[in-house]
Asker: 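Following this message is one structure expressed as structure tokens.
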Amino acid sequence: MKKLTDTSNSNNFFTMVYDIVAKIPPGRVTSYGQIAALLDEPRAARTVGWAMHSIPDGIELPWHRVINAQGKITFNKHGQGASLQRALLESEGIVFNLKGRVDMSKYQWQPQEG
DNA sequence: ACGGTGACGAGAT
DNA sequence: TATCTCGCCACCG
């Protein structure tokens, strides 16, 4: 699991995920399941998560704006990662509650907005 | 072609 | 509410 999707192939599921992530505006978040739903495959949340885990070096995406449906960060890199993602989100104005979660009803991205 | 795998999700306990 | 269990699906060797 080193190299993954060839981003030049826009037909790949991974690339489609990246295209959506790239559209998430600052101060907003979305869930893996929502992205899957936008791709017309609501049961492929895990695949979306894998796509995020496999973002190729070289391309820039607001990957930190993708969290799980519970409003919680699941990204875990070397025991860290979550702290980095949280810091990035907080820098955009997103507030975490005492449980370390965000209010999805308040921050979840609404595609129709833009 | 087949099976293992993963930054998930929803329901049950 | 916190955990645990099981189903899902695309990508890779």
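Below, chain A is the first sequence line, B the second, and so on; all start at residue 1.
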Asker: Would you mind telling me which of B:dA7, C:dA10, B:dC8 lies closest to the side-chain atoms of A:Ala45?
Answerer: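 Among the listed nucleotides, the one closest to the side chain of A:Ala45 is B:dC8.
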Asker: Without decimals, in angstroms, what is the distance between A:Asn12 CG and C:dC12 P?
Answerer: 8 Å
Asker: Kindly confirm or rule out a cation-pi arrangement of A:Arg86 over A:Phe96, judged by NZ or CZ under 6.0 Å from the six-membered ring centre and within 45° of its axis?
Answerer: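 Satisfied, under 6.0 Å and within 45°.
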Asker: Within this structure, what is the CD-to-C1' distance between A:Gln108 and B:dG9, rounded to whole angstrom?
Answerer: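 Distance, rounded to whole Å: 13 Å.
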Asker: Tell me every residue that passes side chain to side chain donor-acceptor pair (under 3.5 Å) with A:Gln85, counting only those two or more places apart in sequence or in another chain.
Answerer: none
Asker: Check whether any side-chain heavy atom of A:Pro56 lies under 4.5 Å from a side-chain heavy atom of A:Phe14, and answer yes or no.
Answerer: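 No, every pair of side-chain atoms sits at 4.5 Å or beyond.
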Asker: Give me each pair satisfying side chain to side chain donor-acceptor pair (under 3.5 Å) with a member in residues 38-48 of chain A, each pair once, sequence neighbours excluded.
Answerer: none
Asker: Can you name the side-chain contact (heavy atoms from CB on, under 4.5 Å) partners of A:Ser91, sequence neighbours left out?
Answerer: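 Once residues adjacent in sequence are excluded, A:Ser91 has no partner under the side-chain contact (heavy atoms from CB on, under 4.5 Å) criterion.
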Asker: What is the separation between atom OH on A:Tyr32 and atom C1' on C:dC9, rounded to the nearest whole Å?
Answerer: 16 Å
Asker: Return the value, rounded to whole Å, for the distance between atom CE of A:Met52 and atom P of B:dT5.
Answerer: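 Taking atom P of B:dT5 as the reference, CE of A:Met52 is at 23 Å.
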Asker: Go through the structure and list residues passing side chain to side chain donor-acceptor pair (under 3.5 Å) with A:Glu92, not counting sequence neighbours.
Answerer: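 For A:Glu92, the residues satisfying side chain to side chain donor-acceptor pair (under 3.5 Å) (neighbours in sequence not counted) are A:His64, A:Arg65.
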Asker: Could you list the protein-to-nucleotides 1-8 of chain C atom pairs, N/O on both sides, closer than 3.5 Å?
Answerer:
unit_1	atom_1	unit_2	atom_2	d
C:dG7	O6	A:Arg46	NH1	3.3

Asker: Quickly work out the A:Trp63 CH2 to B:dG6 P distance and round it to whole Å.
Answerer: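 Between P of B:dG6 and CH2 of A:Trp63: 19 Å.
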Asker: Just by modelled atom types, is the A:Ala22 backbone N or O under 3.5 Å from a matching donor or acceptor in the A:Asp19 side chain?
Answerer: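 Looks like no, no N/O pair under 3.5 Å.
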Asker: For A:Ser31 and B:dG9, is the shortest distance between a side-chain N/O and OP1 or OP2 below 4.0 Å?
Answerer: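 Yes, A:Ser31 has a side-chain N/O under 4.0 Å of OP1/OP2 on B:dG9.
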Asker: From CZ of A:Phe13 over to P of B:dC8, roughly how many Å is that when rounded to an integer?
Answerer: 14 Å
Asker: Which parts of residues 64-75 of chain A get close to DNA chain C, meaning a heavy atom less than 4.0 angstrom away?
Answerer: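 Within residues 64-75 of chain A, no residue comes under 4.0 Å of DNA chain C.
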Asker: Does A:Tyr107 reach the main-chain N or O of A:Val95 with its side chain, forming a donor-acceptor pair under 3.5 Å?
Answerer: yes
Asker: Is the backbone of A:Gly100 close enough, under 3.5 Å, to the side chain of A:Asn97 for a donor and an acceptor to pair up by distance?
Answerer: yes
